[in-house]
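Each remark here refers to the structure printed beneath this line.
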Amino acid sequence: SYSRPPPAAKPAAKPRRFAAGDRVACAVEDPSDAYSVWAAGTVVAVDVPLDEATLYGEHVSGGGAAHTLPYRVQLDNGAAVLAH
């Protein structure tokens, strides 16, 4: 009799460098999209599900294999961004 091997275990999640509440600086595109500027903010969520990110209409890039984005950051200027 043959049996299938058990499914491979998911790799352990890589620990995140920042936690909710941490102050960070993010490189964001300037309004002309010609260069990046640094903006200060606070991490408000870690491991943001990709579906949640798209609900907010945010530009999505750099999503991980588990379909999450590492951080949502509330910038001091009032904007919210996704960061990786």
- Go through the structure and list residues passing salt bridge (charged side-chain N to carboxylate O under 4.0 Å, His left out) with Asp22, not counting sequence neighbours.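 Result, salt bridge (charged side-chain N to carboxylate O under 4.0 Å, His left out) vs Asp22: none returned.
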- Please list, chain by chain and in numerical order, all residues satisfying side-chain hydrogen bond (donor to acceptor under 3.5 Å, both in side chains) with Asp30, sequence neighbours excluded.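 Asp30: side-chain hydrogen bond (donor to acceptor under 3.5 Å, both in side chains) contacts with Ser32.
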Please output the side-chain donor-acceptor pairs of residues 36-50 that fall under 3.5 Å, not counting sequence neighbours, one pair per line with the distance.
| unit_1 | atom_1 | unit_2 | atom_2 | d |
| --- | --- | --- | --- | --- |
| Ser36 | OG | Glu29 | OE2 | 3.4 |
| Thr42 | OG1 | Arg23 | NH1 | 2.9 |
| Asp47 | OD1 | Arg16 | NE | 2.8 |
| Asp47 | OD1 | Arg16 | NH2 | 2.9 |

- Identify the two heavy atoms, one from Phe18 and one from Tyr71, that lie closest to each other, and give their separation to 0.1 Å.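 The pair with the smallest heavy-atom distance is N-OH, 3.2 Å.
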- Item | Residue of the set Val28, Val24, Leu82 for which side-chain contact (heavy atoms from CB on, under 4.5 Å) holds with Val73 |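 Among Val28, Val24, Leu82, the one meeting side-chain contact (heavy atoms from CB on, under 4.5 Å) with Val73 is Val24.
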